[in-house]
Amino acid sequence: MAEHGAHLTAASASDDRPSVFEVVAQDSLMSALRPALQHVAKVLAESNPGRYGFLWRWFDEIYTLLDLLLQQHFLSQFSASFSENFYGLKRIAVGDSKGLHQLASAGLPKKEHWKSVLLLVLIPYLKTKLEKLVSSLREEDEYAIHPPSSSWKRFYRAFLAAYPFVNMAWEGWFLSQQLCYILGKAQHHSPLLALAGVRLVRLTAEDIQVLEQKLAAATASQQPAHSIKEQVQSAVKKALGCVALSLSTSLSVGVFFLQFLDWWYSSENQETIKSLTALPTPPPPVHLDHGTGSPLVPKLKTVCPLCRKIRANDTVLSTSGFVFCYRCVYTYVKSHQRCPITGYATELQHLVKLYSPES
């Protein structure tokens, strides 16, 4: 049985079609990098909200911009995305008889190139924003202080009810495409490749040799620009190339660091982590910046730091430990995504209502 199923996950040496393990591995690479970078941004924002808070608030936009520069660089230079090039793959246009013999350094046709850029960068960004929108709508539907009008309420309740089925259809589309690819019934393992009009093949020995020569020639010979316009264009091109190169180099090194993080946060290592982090509870955090207009901690423990009145419906922020009125802290966190006292990055799910024994 193993002999009959070997063709599903492996390819012959003469076949340019990558195996399912290769295509799935390159897909999982970028999906693993995003949460890792997001965790770094959150740690920086919590360590110094005044200086690095914007990294957490605008993480999606900053990541999308860096991803755009990275993918544009790799598609222009290697005819592949960053993760595809990392696993020795390249893109060729579907239906192009010369595509198999065209070198990766030649790049994709303009139409397929820009379609690939948009689908690589725009689709993940829109999907992330949609998931955050659905999450916020569910929180508002469950904890909203001001109930919406009846027509709007019916609309977004219908949207929340339909979203799981739409998401299931989207994921099922990708799963069915992968199954067809495994069985040899499709050229693409992902519908996005079909929409871009390209398919994945392995890099040839000639591809690798030409890419190495191109890189060596680019670093060795640089012609000086004469006009101011050429100098500006050259400087911008060099800056974008340096940014993309530094990103690709750091991400390549970061891939191996991700394996360490997977081990560190694995279930087998949780006991070791607990023993290392079993330290005394630290005191409440001190306000970091008294000049930003954020409220100071009141002297009376029963007073809300936001409205300066006796707290009603006590609610604590799990990120900082400070207690506020539910209405006050809900409105503040929803608008600013941080703790009013410490500036720590905070979301609505970090609100914890407190109940006294009498209630």
Side-chain angles (χ1 to χ4, degrees), residues 26-87 89-91 107-108 110-136 170 190 192-193 195-196 198 215 218 229 231-255 257-258 261 335-338 343 345-347:
Q26 65 89 18
D27 279 341
S28 62
L29 175 57
M30 293 304 295
S31 61
L33 285 174
R34 185 186 184 94
L37 295 177
Q38 191 171 18
H39 180 71
V40 172
K42 185 176 182 180
V43 171
L44 290 175
E46 290 179 346
S47 63
N48 194 331
R51 177 174 296 180
Y52 303 115
F54 74 97
L55 292 177
W56 177 252
R57 293 191 296 270
W58 299 99
F59 175 80
D60 292 332
E61 286 72 21
I62 295 174
Y63 179 85
T64 301
L65 178 60
L66 296 177
D67 191 25
L68 175 62
L69 294 174
L70 184 69
Q71 305 299 359
Q72 166 65 14
H73 171 74
F74 273 85
L75 284 171
S76 300
Q77 300 294 326
F78 309 106
S79 299
S81 67
F82 164 73
S83 57
E84 292 162 359
N85 179 261
F86 185 83
Y87 281 95
L89 306 177
K90 68 176 181 178
R91 296 186 174 206
L108 290 168
K110 183 175 293 186
K111 181 180 179 181
E112 284 75 10
H113 173 88
W114 288 112
K115 285 167 67 175
S116 298
V117 171
L118 290 178
L119 292 173
L120 281 169
V121 178
L122 191 60
I123 294 299
Y125 174 75
L126 294 179
K127 191 172 184 296
T128 301
K129 285 298 184 182
L130 182 61
E131 291 174 350
K132 288 188 175 182
L133 175 62
V134 171
S135 178
S136 63
W170 175 268
S190 170
L192 299 182
L193 291 175
L195 293 176
V198 297
L215 180 61
K229 182 179 180 180
Q231 292 178 359
V232 172
Q233 292 178 348
S234 177
V236 172
K237 187 175 180 180
K238 288 180 181 179
L240 294 178
C242 290
V243 171
L245 183 61
S246 60
L247 282 175
S248 62
T249 304
S250 59
L251 290 178
S252 300
V253 176
V255 168
F257 181 68
L258 285 176
L261 291 180
S335 302
H336 299 86
Q337 290 83 44
R338 61 185 175 87
T346 305
E347 301 292 341

Check your understanding: Which is it for Gln72 and Ser76 under the side-chain hydrogen bond (donor to acceptor under 3.5 Å, both in side chains) test, yes or no, and what are the steps along the way?
Key -> CA-CA 6 Å; Gln72 166 65 14; Ser76 300; 3.2 Å; yes
Exercise for review: Work out which heavy atom in Val121 is nearest to a heavy atom in Pro124; give both atom names and the distance.
Suggested key: O-CD, 3.5 Å
Check your understanding: When rounded to the nearest 0.5 angstrom, what is the spacing between CZ in Phe78 and CZ in Phe86?
Key -> 13.5 Å
Point to revise | Working for salt bridge (charged side-chain N to carboxylate O under 4.0 Å, His left out), residues Asp67 and Arg34 | key: CA-CA 10 Å; Asp67 191 25; Arg34 185 186 184 94; over 6 Å; no
Practice item. Verify side-chain contact (heavy atoms from CB on, under 4.5 Å) between Leu44 and Trp56, making sure each step is shown before the conclusion. Key: CA-CA 8 Å; Leu44 290 175; Trp56 177 252; over 6 Å; no
**Study point:** Euclidean distance, Glu46 CD relative to Arg338 CZ, rounded to 0.5 Å
**Key:** 14.0 Å
**Study point:** Approximate separation, where rounding is to 0.5 Å, of Ser79 OG and Lys90 NZ
**Key:** 7.0 Å
Point to revise | Nearest heavy-atom neighbours spanning Gln26 and Ser83 | key: OE1-OG, 3.0 Å
Review point. What are the two closest heavy atoms between Pro49 and Gly343, and how far apart are they?
Key: CB-O, 3.0 Å
Point to revise | Val117/Gln71 under side-chain contact (heavy atoms from CB on, under 4.5 Å): CA gap, chis, key distance, verdict | key: CA-CA 7 Å; Val117 171; Gln71 305 299 359; 5.5 Å; no
**Study point:** Pair Ser135-Glu131, side-chain donor/acceptor within less than 3.5 Å
**Key:** no
Practice item. Using distance alone, with no hydrogens and no angle criterion, decide if Glu61 and Tyr125 have a side-chain donor and acceptor under 3.5 Å apart. Key: yes
**Study point:** Student check: side-chain heavy atoms of Asp60 and Lys129 closer than 4.5 Å
**Key:** yes
Check your understanding: How many angstroms lie between CG in Leu65 and OH in Tyr63, if you round to the nearest 0.5 Å?
Key -> 12.5 Å
Review point. For the residue pair Ala41 and Phe59, what are the closest heavy atoms and their distance?
Key: CB-CD1, 3.9 Å
Check your understanding: For His336 and Arg57, which heavy atoms make the closest approach, and how far apart are they?
Key -> O-CD, 4.1 Å
Revision key, fill the gap. Rounded to the nearest 0.5 Å, the CG atom of Leu108 sits from the CH2 atom of Trp114 at a distance of 12.0 Å
Study note, to complete from the structure: Separation between CD1 (Ile62) and CZ (Phe54), nearest 0.5 Å, reads 5.5 Å
Practice item. Could you walk me through whether Leu120 and Leu75 pass side-chain contact (heavy atoms from CB on, under 4.5 Å), step by step? Key: CA-CA 11 Å; Leu120 281 169; Leu75 284 171; 4.0 Å; yes
Practice item. Could you please spell out the steps behind the side-chain contact (heavy atoms from CB on, under 4.5 Å) verdict for Gln337 and Thr346? Key: CA-CA 5 Å; Gln337 290 83 44; Thr346 305; over 6 Å; no
**Study point:** Side chains of Glu84 and Ser81, donor plus acceptor under 3.5 Å
**Key:** yes
Study note, to complete from the structure: Between Asn85 and Ala80 the two heavy atoms that sit nearest each other are N-CB, 3.9 Å
Exercise for review: Give a yes or no on whether Lys132 atom NZ has more than 12 heavy-atom contacts from other residues, nucleotides or ligands under 6.0 Å away.
Suggested key: yes
